[in-house]
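Read the numbers this way: they start at 1 and go in the same order the structure lists the ligands and their atoms.
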Amino acid sequence: MSLASKPGVRSVNREALLGKLAEWNFPAYRADQILEWLYRHRASSWESMTNLPKALRKMLSETFEFTPVEVVRCEGSADSTRKFLWRLGDGALVETVLIPANPALYSDPSDRRTLCVSTQVGCAYGCQFCASGLDGFKRQLNPAEIVGQWLGVENYCANEERNLEKKEGSAGSARTVGNLVFMGMGEPLANYDNVLAALRILNAEWGGGIGARKMTLSTSGLAPQIKRLADEPEQFRLAISLHGATDPVRDRIMPVNRKYPLKALTAAIEYYQEKKGRLITFEYILIKGLNDGEDQIEPLAALSRRLHAKVNLIPYNTVEGLPWERPEEAVQEKFLSRLQERGIIVTLRREKGHDIDAACGQLRLRTEREGILSAGVFKARDN
Ligand code: SAH
Ligand code: SF4
């Protein structure tokens, strides 16, 4: 829950806005004007919506909050992986990662980029290897704060482009983000209603205009919510953070597996596929000595064959204070080829990103530990 007393305007869908306009006796076409200001022009104040009557702007400002999402840190360059750290209205920190287009992972071939979005502040699921859960769960993000991460990045990149192009005499306008993955901080399916409301705003023609098949929800394995998602009308993609192909391995690193062991998880995935078709990916972090051995190959191949799932192998990113390490490259490659030999569609993430803490929760953790924000050393880069 946000601390703001009024709902964020970016939490509101077109229908709710139409309802408000009718209540206030304003014509319906004003809704489209407002949405255009919010999502096409990326307005950041009511005053800038110059074609709206003053009386309407007053009603809007009394009813809704322009949820502030302020960029406090941006690392990485314009053409590589780039990480944004945001400060929310109550001072909480969340992060968003902009990844170069990589059709082999979640995107269709396109030159647009993939944005990795956070859905909670912290995480209650306590996976042993993950920085996001280290300090426990703080709060849910509301839809405006989830949508705000996307808008903030689009805005940042458009400003940057405009600054660059000014020198060449034209204005930056193109969209940067083509794909969304909900793999940042938090467990999206544990914030189901807010995440779904945000997905629908991001998907709507009047909103983000991003296709449902270009959005991937990642879950550590919340079986009941996977089934619930299967019953929604949209065709969202689903990534399952598997990280172990047997219960003993998953039990060791993912407490959620004790509640929903592989039998329950696979049943939920099968249900999802019956309803949605083959939209499943397994995420499998390779952790040295834990899940990178020969014993996982056959069970992993069997699971992905049975569930028609593609496998993404991700070499573990070390987290300060945690004992886990990534396996040697030769071990990673061997794991990959063992699966390929069995006819599994599998990719091994070889790109860099280690240097900017490219795994979820790490930039926030480091920033908080360094006390950088309170010392006021970092400012958003605006070049
Ligand atoms: N809670 C959801 C989504 C956020 S985590 C989930 O668990 O799926 C997104 C992905 O980042 C997950 O696959 C997660 O396991 C992975 N991840 C977390 N810490 C990591 C690390 N240190 N190195 C590599 N991947 C990591
Ligand atoms: Fe939470 Fe996902 Fe991290 Fe597990 S991996 S602690 S579910 S964010």
Next on the checklist: Residue-level breakdown please: for Ile240 versus ligand 1, do any non-hydrogen atoms fall below 4.0 Å on the side chain, on the backbone, on both, or on neither?
Outcome noted: neither
Next on the checklist: Can you tell whether the side chains of Glu62 and Lys6 come within less than 4.0 Å, N to carboxylate O?
Outcome noted: no
Next on the checklist: Strictly below 4.0 Å, N to O, side chains only: are Asp32 and Arg40 in salt-bridge contact?
Outcome noted: no
Checklist entry - Purely on distance, is any nitrogen or oxygen of Glu187 under 3.5 Å from one on ligand 1? => result yes
Checklist entry - Salt bridge check: are Arg200 and Glu15 linked by an N-O gap of less than 4.0 Å? => result no
Next on the checklist: For a quick check under 3.5 Å, do Arg30 and Gln33 share a side-chain donor-acceptor pair by atom type?
Outcome noted: yes
Item to check | Expected output: side-chain Glu95 to main-chain Lys83 donor-acceptor under 3.5 Å | outcome: no
Checklist entry - Is Val121 reachable from Phe137 through a run of I, L, V, M, F, W or Y residues, each pair having side-chain heavy atoms under 4.5 Å apart? => result no
Item to check | For ligand 2, the portion of Cys127 having any non-hydrogen atom under 4.0 Å away | outcome: both
Checklist entry - Which is it for Tyr125 and ligand 1 at heavy atoms under 4.0 Å: side chain, backbone, both or neither? => result neither
Checklist outcome for this item: Note: ligand 1 atoms sitting under 4.0 Å from heavy atoms of Phe129 are 15 (O), 18 (C), 19 (N), 22 (N)
Next on the checklist: For Trp86 and Phe84, take the angle between the two ring planes, folded into 0 to 90°, and tell me which bin it lands in: parallel under 30, tilted 30 to 60, perpendicular over 60.
Outcome noted: parallel
Next on the checklist: Can you classify the ring geometry of Tyr39 versus Trp206 as parallel (below 30°), tilted (30 to 60°) or perpendicular (above 60°)?
Outcome noted: tilted
Checklist outcome for this item: Under 4.0 Å from one or more heavy atoms of His243, ligand 1 contributes atoms 13 (O), 14 (C), 15 (O)
Item to check | Salt-bridge criterion met for Lys288 and Glu328 (N-O under 4.0 Å) | outcome: yes
Checklist entry - Would Gly186 count as a contact of ligand 1 if the rule is a heavy atom under 4.0 Å away? => result yes
Checklist outcome for this item: If we number the atoms of ligand 1 from 1 as shown, the ones under 4.0 Å from a heavy atom of Ile285 are 15 (O), 16 (C), 17 (N), 20 (C), 24 (C), 25 (N), 26 (C)
Next on the checklist: Please list, in number order, the atoms of ligand 2 under 4.0 Å from a heavy atom of Ser220.
Outcome noted: 7 (S)
Checklist entry - Looking at ligand 1, does Gly184 have a heavy atom less than 4.0 Å from it? => result yes
Next on the checklist: Please tell me whether Thr318 and Glu325 have a donor and an acceptor in their side chains that are separated by less than 3.5 angstrom.
Outcome noted: no
Next on the checklist: Show the atoms of ligand 1 that are less than 4.0 angstrom away from any heavy atom in Ser220.
Outcome noted: 6 (C), 7 (O), 8 (O)
Item to check | Close approach of Gly186 to ligand 2, heavy atoms, under 4.0 angstrom | outcome: yes
Checklist entry - What atoms of ligand 1 come closer than 4.0 angstrom to any heavy atom of Val319? => result 22 (N)
Checklist outcome for this item: ligand 2 atoms nearer than 4.0 angstrom to some heavy atom of Tyr125 are 7 (S)
Checklist entry - Which is it for Asn317 and ligand 1 at heavy atoms under 4.0 Å: side chain, backbone, both or neither? => result both
Checklist entry - Which of parallel (below 30°), tilted (30 to 60°) and perpendicular (above 60°) describes Trp46 and Phe66? => result tilted
Checklist entry - Which atoms of ligand 2 are found less than 4.0 Å from any heavy atom of Cys123? => result 1 (Fe), 6 (S), 7 (S), 8 (S)
Checklist entry - Going by heavy atoms, is Arg326 under 4.0 Å from ligand 1? => result no
Checklist entry - Does the pair Arg306/Glu270 count as a salt bridge with the N-to-O cut at 4.0 Å? => result yes
Item to check | Part of Met185 within contact of ligand 1 (heavy atoms, under 4.0 Å) | outcome: neither
Item to check | Thr219 neighbourhood, listing ligand 1 atoms whose heavy-atom distance to it stays under 4.0 Å | outcome: 6 (C), 8 (O)
